[in-house]
Each structure stands twice: as structure tokens, then as C-alpha cells.
> 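Encoded as C-alpha cells, here's the structure I'll be asking about.
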Amino acid sequence: KKGFTDPTKGKAVKDVMNGVRKLYSKPPKKAKPITLVYLRQIITALDDQAASAKHALLYPDLTGDKALDLANTRDARFRQLRAARDRAILLVGFWGAFRSDELARIDAGRVEAVRGQSMRIFLPYSKGDRDAKGSYHDIPALADYCPVSAYFEWLEESGIRERAVFRGITRWGQVSYNGLTPKSLGPILRDMCINAGIN
């Protein structure tokens with residue numbers, strides 16, 4: 001710096017940049033919301049995946065090759081876990097109107113849930129909670145596409161009892177110790193849509 005002013009802060013540079021923004025600015029990309037029609041379509045695809053994985057685990061197509069049979073079993077377990085997790089992510093996120101960063105922060109120790117009744121999720125902070133006072137989110141149990149049932153099914157499949165509810169799954173069919181990040185939820189949702197035939 002040596003006492004000189006920053007040339008990028010000058011009026012001429014600011015005027016040029018403002019002109020560039022006016023000429024080439026585009027509206028921010030916004031993802032389309034998931035409607036109830038899409039929700040049904042995605043859940044149907046996830047249920048089909050779960051049923052296929054369960055069938056493969058109950059009735060393995062044994063090849064006689066131990067390594068291959070083990071790989072097939074692990075793949076079926078991975079698909080079973082992923083379907084249960086993704087179903088819970090989608091339904092809890094949809095009915096709770098959570099953003100990806102909020103979903104990633106859901107902690108099993110801060111969820112009070114009664115099967116067939118409701119669930120109450122405490123988030124210690126969120127984007128709208130500037131003072132970090134925390135907020136409760138109540139989600140009722142539903143007859144169809146129930147977030148409470150999906151939550152319990154995921155916990156039973158994964159064995160999660162504490163810390164992050166939504167976690168990664170290894171290709172060997174093991175649940176990660178670490179929770180998903182907000183950035184990882186976008187690709188997961190995209191894959192759910194693709195697998196359900198939604199563009």
C-alpha cells in the first residue's frame with residue numbers, strides 16, 4: 001500500500017462496475033418449489049427403492065462368489081438406508097418448511113416425537129433468529145406422507161439416537177458419524193427428483 005489509495009475504490013472503477021451490473025445482471029436462480037404432486041411422485045419412487053432393497057436382502061441372489069454376494073448385500077443395505085433417510089429428509093423438510101441449513105442442524109437430542117401424534121423440533125438458531133434464542137417447530141402426524149412416521153423409520157433403520165439426525169451413508173451401507181452439510185442436501189434432493197423422473 002505504501003500510503004497510496006486503493007485504485008479499485010476510485011469513482012471511475014465504481015461507475016464502470018455499476019454499468020457492467022446494469023448491462024449483464026440476471027435474476028438470481030431460484031429452485032422451483034416441490035408441490036404435493038411432486039412430493040407424491042418422489043415418495044412413490046423412494047418406496048419402490050426401499051421395497052427392492054428389502055427384497056434383495058430377504059432373498060439374495062447368491063452367486064457362489066462370497067465377495068460378490070457380500071458386495072450385493074452391502075449395496076442393498078445402502079439402498080435401503082438411503083431410501084429411509086431421503087424419505088425422512090423430504091417429508092420433515094416439506095411439512096416443517098425447513099431450509100437446508102435447518103434440516104442439517106436437526107439434532108436427535110432436541111426432537112420430541114410421539115409416533116402417530118406429532119413431533120417438536122428445537123433449533124438453537126436459524127437465519128431468521130438473529131439473537132439465537134432458538135425456536136420450536138411443531139409438525140403433526142398425518143394419515144398420508146407422514147413426517148413423524150418417516151422420522152421414526154429412519155431412526156430405526158439407522159440406529160441414530162443422538163447428534164445429527166440426517167447423515168451420510170457410506171457405499172458399504174454404514175451410517176456416517178457426521179451429519180450432512182447444507183450443501184450436500186441440494187444434490188440429494190436433485191437425485192431424488194431425477195430418480196422419480198422429475199426434471
> Linking Ile, Leu, Val, Met, Phe, Trp and Tyr by side-chain heavy atoms under 4.5 Å, what else ends up with Val13?
Met17
> Cut-off 3.5 Å, no hydrogens considered: what does the side-chain donor-acceptor table look like for residues 57-65, sequence neighbours left out?
unit_1, atom_1, unit_2, atom_2, d
Thr63, OG1, Asp65, N, 3.1
Thr63, OG1, Asp69, OD1, 2.8
Asp65, OD1, Ala67, N, 3.0
Asp65, OD1, Leu68, N, 3.3

> Quick one: side-chain contact (heavy atoms from CB on, under 4.5 Å) partners of Val175, sequence neighbours excluded?
Leu81, Trp154, Ser158, Ile160, Arg167
> Of all residues at least two apart in sequence or in a different chain, which pass the side chain to side chain donor-acceptor pair (under 3.5 Å) check with Thr73?
none
> Just list the side-chain donor-acceptor pairs under 3.5 Å for residues 136-153, sequence neighbours left out, or say none.
unit_1, atom_1, unit_2, atom_2, d
His137, NE2, Ser135, OG, 3.1
Asp138, OD1, Arg120, NE, 2.8
Asp138, OD2, Arg120, NH2, 3.4

> Tell me, please, which residues at least two apart from Thr181 pass side-chain contact (heavy atoms from CB on, under 4.5 Å).
Lys183, Ser184
> Could you work out, with salt bridge (charged side-chain N to carboxylate O under 4.0 Å, His left out) as the rule, every residue matching Lys11, not counting sequence neighbours?
Asp15
> According to salt bridge (charged side-chain N to carboxylate O under 4.0 Å, His left out), who are the partners of Glu162, at least two apart in sequence or on a separate chain?
none
> Please list, chain by chain and in numerical order, all residues satisfying salt bridge (charged side-chain N to carboxylate O under 4.0 Å, His left out) with Asp47, sequence neighbours excluded.
Arg87
> Holding to side chain to side chain donor-acceptor pair (under 3.5 Å), I want the full list of residues that pass it with Arg77, two or more places apart in sequence or in another chain.
Gln80, Glu157
> When the side chains of residues 185-199 are checked against the rest of the protein, which donor-acceptor pairs come out under 3.5 Å, sequence neighbours left out?
unit_1, atom_1, unit_2, atom_2, d
Asn195, ND2, Asp191, O, 3.2

> List in chain and number order the residues that pass salt bridge (charged side-chain N to carboxylate O under 4.0 Å, His left out) with Arg79, two or more places apart in sequence or in another chain; answer none if no residue qualifies.
Asp75
